[in-house]
Novice: 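There's a structure below that I have some questions on.
Counting starts at 1 for both ligands and their atoms, following the listed order.
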Amino acid sequence: MSLVLDPAAQDLLFREARTANTFTDEPVTEEQVQAIYDLVKYGPTAFNQTPLRVVLVRSAEARERLVPLMAEGNQAKTATAPLVAILAADNEFHEELPKLFPAFPQAKDAFFAERPARESAAAMNAALQAAYFIVGVRAAGLAAGPMTGFDFAGVQKEFLDDDHTPLMIVNIGKPGDDAWYPRSPRLAYDEVVTTV
Ligand SMILES: Cc1cc2nc3c(=O)[nH]c(=O)nc-3n(C[C@H](O)[C@H](O)[C@H](O)COP(=O)(O)O)c2cc1C
């Protein structure tokens, strides 16, 4: 009663959405990924810094380089998902800040002149955007399988560069047979929220 979002959308995005471990072979198109991005790009980040960068692993050759870098339990699903996305944080996001935050273009030099400040901001804000991305995948009627079980240094070396830190890898597609584990419990409101 308190939520204004349509109940079917609530189910699609959260209550019935699950983390998929198997997928059908129905392809995920460029148009779908673009629609997901064009929705979730509006999710908020500090100074609108939007440091998330996405590498779509589409070629068989790239997939062959990625799978051995995944933890053993993540290899089969990463090998067979219709699409795999590497989500990374751009530690040089400040170069775009005068364009992205015209209300205060000095932010680039005032707050992000030093690399450590950029790395911590990029990690936080790209993680936020990764969460928006997962919800966006669900909004497209697809299932996401986010993973942090992989060789971070190896993925950075193979697919990124020194300025881009891997955050997570997401399998994307329609859920296949036996796609999920039993739903795990969530903490109740009173276990999480305090009021002062
Ligand atoms: C950041 C992140 C990293 C995860 N890493 C892995 C992983 O390496 N391997 C795996 O099988 N599942 C991984 N998961 C899946 C979680 O275990 C799963 O999303 C969680 O248990 C909720 O499952 P549900 O959506 O089916 O309720 C990851 C999820 C997130 C969000």
Side-chain angles (χ1 to χ4, degrees), residues 3 5 7-24 26 28 33 36-37 39-41 43-46 50-57 62-91 119-160 164-189 191-192:
L3 302 178
L5 187 68
Q10 296 173 28
D11 288 342
L12 180 74
L13 300 181
F14 292 103
R15 275 188 219 97
E16 288 176 10
R18 299 296 314 278
T19 298
N21 295 297
T22 69
F23 298 89
T24 69
E26 186 178 322
V28 176
V33 182
I36 291 165
Y37 178 73
L39 178 67
V40 304
K41 69 184 180 187
T45 54
T50 51
L52 180 72
R53 303 292 179 265
V54 181
V55 178
L56 298 178
V57 180
R63 187 84 67 117
E64 274 167 29
R65 285 191 286 132
L66 178 62
V67 169
L69 297 170
M70 304 305 295
E72 207 177 318
N74 290 334
Q75 289 187 357
K77 52 193 170 191
T78 306
T80 52
L83 181 62
V84 184
I86 300 170
L87 306 193
D90 182 1
N91 297 306
E119 285 179 0
S120 59
M124 150 78 101
N125 288 284
L128 279 174
Q129 288 189 280
Y132 307 145
F133 182 82
I134 291 167
V135 175
V137 167
R138 294 169 168 188
L142 299 167
M147 300 167 290
T148 46
F150 61 89
D151 172 356
F152 276 63
V155 167
Q156 184 168 21
K157 186 161 174 285
E158 277 291 326
F159 295 97
L160 302 166
H164 294 83
T165 306
L167 270 184
M168 73 183 73
I169 294 175
V170 186
N171 293 326
I172 303 169
K174 288 268 167 66
D177 293 336
D178 207 12
W180 26 75
Y181 306 123
R183 184 70 122 173
S184 299
R186 292 332 196 233
L187 295 175
Y189 182 82
E191 295 175 282
V192 174

Novice: Quick one: look at Ile134 and ligand 1, take heavy-atom pairs under 4.0 Å, and tell me if it's side chain, backbone, both or neither.
Specialist: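 Near ligand 1, Ile134 shows nothing, with every heavy atom at 4.0 Å or more.
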Novice: Any protein heavy atom under 4.0 Å from atom 21 (O) of ligand 1?
Specialist: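 Within 4.0 Å: no protein heavy atom nearby.
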Novice: Rounded to the nearest 0.5 Å, what separates atom CG in Leu13 from atom CD1 in Ile134?
Specialist: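 Those atoms lie 12.5 Å apart.
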Novice: Could an N or O of ligand 1 be found under 3.5 Å from any N or O of Ala17, whether backbone or side chain?
Specialist: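 Such a contact does not occur with ligand 1.
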Novice: Which pairs of donor and acceptor atoms, one on a side chain in residues 146-158, lie under 3.5 Å apart (sequence neighbours left out)?
Specialist:
| from | atom 1 | to | atom 2 | distance (Å) |
| --- | --- | --- | --- | --- |
| Asp151 | OD1 | Ala153 | N | 3.2 |
| Asp151 | OD1 | Gly154 | N | 2.7 |
| Gln156 | NE2 | Asp161 | O | 3.0 |
| Gln156 | NE2 | His164 | O | 2.8 |
| Glu158 | OE1 | Arg65 | NH1 | 2.8 |

Novice: Return the residue, atom name and 0.1 Å-rounded distance of the protein heavy atom closest to atom 27 (O) of ligand 1.
Specialist: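 Of every protein heavy atom, Arg183 NH1, 2.6 Å lies nearest to atom 27 (O) of ligand 1.
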Novice: So how far is it from Phe133 CZ to Leu167 CG, rounded to the nearest 0.5 Å?
Specialist: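 If we round to the nearest 0.5 Å, Phe133:CZ and Leu167:CG are 12.0 Å apart.
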Novice: I need the atoms of ligand 1 closer than 4.0 Å to a non-hydrogen atom of Asn74, numbered in the order shown.
Specialist: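 Once the distances to Asn74 are compared, the set is 7 (C), 8 (O), 9 (N), 10 (C), 11 (O).
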Novice: Distance from Leu83 atom CG to Glu26 atom CD, nearest 0.5 Å?
Specialist: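 Reported value, rounded in 0.5 Å steps: 12.5 Å.
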Novice: Mind checking what makes side chain to side chain donor-acceptor pair (under 3.5 Å) contact with Arg18, not counting sequence neighbours?
Specialist: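 Testing Arg18 for side chain to side chain donor-acceptor pair (under 3.5 Å), a comparison that skips the adjacent residues, returns none.
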Novice: Quick one: look at Met70 and ligand 1, take heavy-atom pairs under 4.0 Å, and tell me if it's side chain, backbone, both or neither.
Specialist: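 It is neither part, as no heavy atom is under 4.0 Å.
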Novice: Return the OG1 to CG distance between Thr24 and Leu142, rounded to the nearest 0.5 Å.
Specialist: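 Going from OG1 on Thr24 over to CG on Leu142, the span is 9.0 Å.
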Novice: State whether the shortest distance between N or O atoms of Thr148 and N or O atoms of ligand 1 falls below 3.5 angstrom.
Specialist: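 Right, the criterion is met.
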Novice: Kindly identify the option in Arg138, Arg18, Lys77, Met147 whose heavy atom sits closest to atom 11 (O) of ligand 1.
Specialist: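 Shortest heavy-atom distance from atom 11 (O) of ligand 1: Lys77.
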Novice: For Thr19, counting its heavy atoms only, list the atoms of ligand 1 lying under 4.0 Å from any of them.
Specialist: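 Counting from 1, the qualifying ligand atoms are 15 (C), 18 (C), 19 (O), 22 (C), 23 (O), 24 (P), 25 (O), 26 (O).
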Novice: Name the residue from Val55, Leu66, Leu87 that meets the side-chain contact (heavy atoms from CB on, under 4.5 Å) definition with Ile169.
Specialist: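 Testing Ile169 for a side-chain contact (heavy atoms from CB on, under 4.5 Å) against Val55, Leu66, Leu87 leaves exactly one candidate, Leu66.
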Novice: For ligand 1, which atoms, with element, lie under 4.0 Å from some heavy atom of Gly149?
Specialist: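 In order of numbering, the contacting atoms are 8 (O).
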Novice: Flag atom 7 (C) of ligand 1 as yes if some protein heavy-atom distance to it falls below 4.0 Å, otherwise no.
Specialist: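 Within 4.0 Å: yes, protein heavy atom nearby.
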Novice: Which value, rounded to the nearest 0.5 Å, describes the distance between Arg53 atom CZ and Ile86 atom CD1?
Specialist: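 Result: 15.0 Å between the selected atoms.
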Novice: Who's the nearest protein heavy-atom neighbour of atom 12 (N) of ligand 1, and how far?
Specialist: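 Result for atom 12 (N) of ligand 1: Pro146 O, 3.9 Å.
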Novice: Between the side chains of Thr165 and Asn91, does any donor sit under 3.5 Å from an acceptor?
Specialist: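 Asn91 and Thr165 do have a side-chain donor-acceptor pair below 3.5 Å.
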Novice: Is there any N or O on Ser184 that sits under 3.5 Å from an N or O of ligand 1?
Specialist: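 So ligand 1 has no N or O lying under 3.5 Å from an N or O of Ser184.
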